[in-house]
Amino acid sequence: MNPPKHLAEPLDEETRRDLARKSRRGFALWIGGLVTGVAGIRWLATQSNEAGIPWPLRRVLEFNEQVATKLIGTQGRATEFPMNAAGEPRVNGRFGLKEQPIDQETWRLRVQNDAGRSAEFRLADIQNLPRHEHVTELKCIEGWSQIVHWSGCRLSDFLDHTGLARQGAGQDLFPYVGLTTSDGAYYVGLDMPSAMHPQTLLAYEMNGKPLTPGHGAPLRLVIPVKYGIKNIKGIATISLSQQRPADYWAERGYDWFAGL
Ligand SMILES: Nc1nc2c(c(=O)[nH]1)N[C@H]1C(S)=C(S)[C@@H](COP(=O)(O)O)O[C@H]1N2
Ligand SMILES: [Mo]
């Protein structure tokens with residue numbers, strides 16, 4: 001078969017010169033772009049770091065955070081799915097987890113605040129609070145996600161129950177919540193609106209069964225408005241603070257807010 005006519009036709013002189021001019025200009029633009037890109041990356045690399053990444057990128061994340069807070073606020077909810085969509089997530093991330101099963105008789109959750117007050121709670125204290133369940137997607141920044149059925153109490157109910165979330169009676173809530181594992185090897189910081197979100201749970205069951213050690217027994221955070229990194233397993237202490245708490249992955253350059 002013959003090639004289509006317009007491809008077979010020899011180029012006239014004017015078209016040829018026009019093409020040559022265009023390709024020279026394209027090449028110049030390409031080189032210009034390359035030089036600008038390299039200069040930009042070198043400039044970025046020489047800027048001082050803030051929490052693990054160059055400050056201009058940090059400003060972008062902070063801007064995203066402000067936009068997300070305005071758009072989602074505390075009204076926005078993560079999508080909930082029917083029960084039969086739930087499945088088993090992989091065990092992902094073992095920082096601060098114990099391999100042996102935890103003794104629930106001696107286990108305590110410690111809560112402390114910046115006003116110097118603290119208290120300890122048993123698992124039964126948490127299980128006696130109103131039970132809430134939801135089927136939501138656990139989204140890992142590594143690029144996988146899994147729909148899971150979680151049960152537990154609302155973190156907001158628990159914080160109210162402790163009486164430690166406010167500086168004093170009738171005063172404002174502390175602006176931040178920090179959660180850590182018993183050895184302090186994994187830790188997460190949350191803004192108070194996300195902590196008080198109705199879907200944010202202190203979960204003790206996954207897919208209808210008590211949590212396994214790998215999934216954070218006996219108590220983990222489930223916060224479907226944030227990425228997996230914030231869903232800390234094996235919670236041992238909760239701190240209410242005036243300052244942004246330490247956050248394992250934020251210290252390694254990930255977005256502190258980590259909202260969806
Ligand atoms: N203690 C602790 N909690 C953790 C992690 C971890 O390494 N240690 N990894 C986080 C990450 S990155 C993800 S995606 C989820 C995974 O939860 P799963 O193991 O129940 O699937 O746990 C989060 N909570
Ligand atoms: Mo993750």
Side-chain angles (χ1 to χ4, degrees), residues 51-53 61 64-65 68 78-81 83 85-104 107-111 121 123 126 132-153 155 158 176-191 194-195 197 199-239 245-260:
I53 63 169
L61 288 179
N64 288 348
E65 172 175 336
T79 310
E80 297 197 12
F81 298 84
M83 203 69 98
E88 182 96 1
R90 66 192 79 175
V91 170
N92 200 61
R94 292 179 170 276
F95 298 114
L97 292 188
K98 300 263 176 296
E99 295 304 321
Q100 333 78 306
I102 280 91
D103 176 6
Q104 296 201 356
W107 183 88
R108 295 288 183 278
L109 175 63
R110 185 183 163 80
V111 181
F121 300 86
L123 195 59
I126 291 150
H132 289 271
E133 307 191 10
H134 58 64
V135 180
T136 50
E137 199 169 17
L138 177 65
K139 293 184 190 172
C140 179
I141 45 174
E142 288 167 2
W144 58 271
S145 68
Q146 174 62 54
I147 296 170
V148 187
H149 169 209
W150 303 105
S151 312
C153 77
L155 179 57
F158 176 71
Y176 295 108
V177 182
L179 306 100
T180 70
T181 56
S182 60
D183 59 0
Y186 198 76
Y187 40 96
V188 156
L190 301 175
D191 55 287
S194 300
H197 190 282
Q199 289 173 311
T200 301
L201 303 182
L202 287 176
Y204 38 77
E205 283 177 25
M206 189 184 90
N207 295 332
K209 295 189 208 81
L211 290 176
T212 58
H215 290 294
L219 195 68
R220 74 175 293 165
L221 187 72
V222 171
I223 181 161
V225 295
K226 304 244 183 223
Y227 280 99
I229 46 176
K230 295 286 190 186
N231 291 241
I232 180 174
K233 303 183 277 189
I235 304 168
T237 62
I238 298 182
S239 310
D247 185 277
Y248 185 90
W249 284 114
E251 285 169 15
R252 285 152 183 84
Y254 284 93
D255 180 20
W256 188 89
F257 190 68
L260 300 181

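Remember, predicted model here, so these are calculated numbers, not experimental data. Just so you know, ligand 1 is whichever comes first in the structure, and atom 1 is the first atom listed for that ligand.
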Task: From Leu211 atom CG to Ile102 atom CD1, the distance as rounded to the nearest 0.5 Å - done: 10.0 Å
Task: Output field: ring centroids Tyr204/Trp107 closer than 6.0 Å - done: no
Task: Sidechain-backbone polar pair: Lys233 side chain, Val91 backbone, donor-acceptor under 3.5 Å - done: no
Open item on the list: For a quick check: using heavy atoms under 4.0 Å, what are the residues in contact with ligand 1, sorted by chain and number?
Closed with: Pro89, Arg90, Val91, Asn92, Gly93, Arg94, Phe95, Leu97, Leu138, Cys140, Trp144, Thr181, Tyr186, His215, Arg220, Gly228, Ile229, Asn231, Ile232, Lys233
- [ ] Give every residue pair that meets the side chain to side chain donor-acceptor pair (under 3.5 Å) criterion with at least one member in residues 177-187, sequence neighbours excluded.
- [x] Lys98-Ser182, Thr180-Thr237, Thr181-Asp183, Tyr186-Trp249, Tyr187-Glu251
Open item on the list: For the residue pair Arg252 and Tyr254, would you count it as a cation-pi contact if the rule is NZ or CZ under 6.0 angstrom from the ring centre and within 45 degrees of the ring axis?
Closed with: no
Open item on the list: To the nearest 0.5 Å, what is the distance between CD1 on Ile223 and NE2 on His197?
Closed with: 8.0 Å
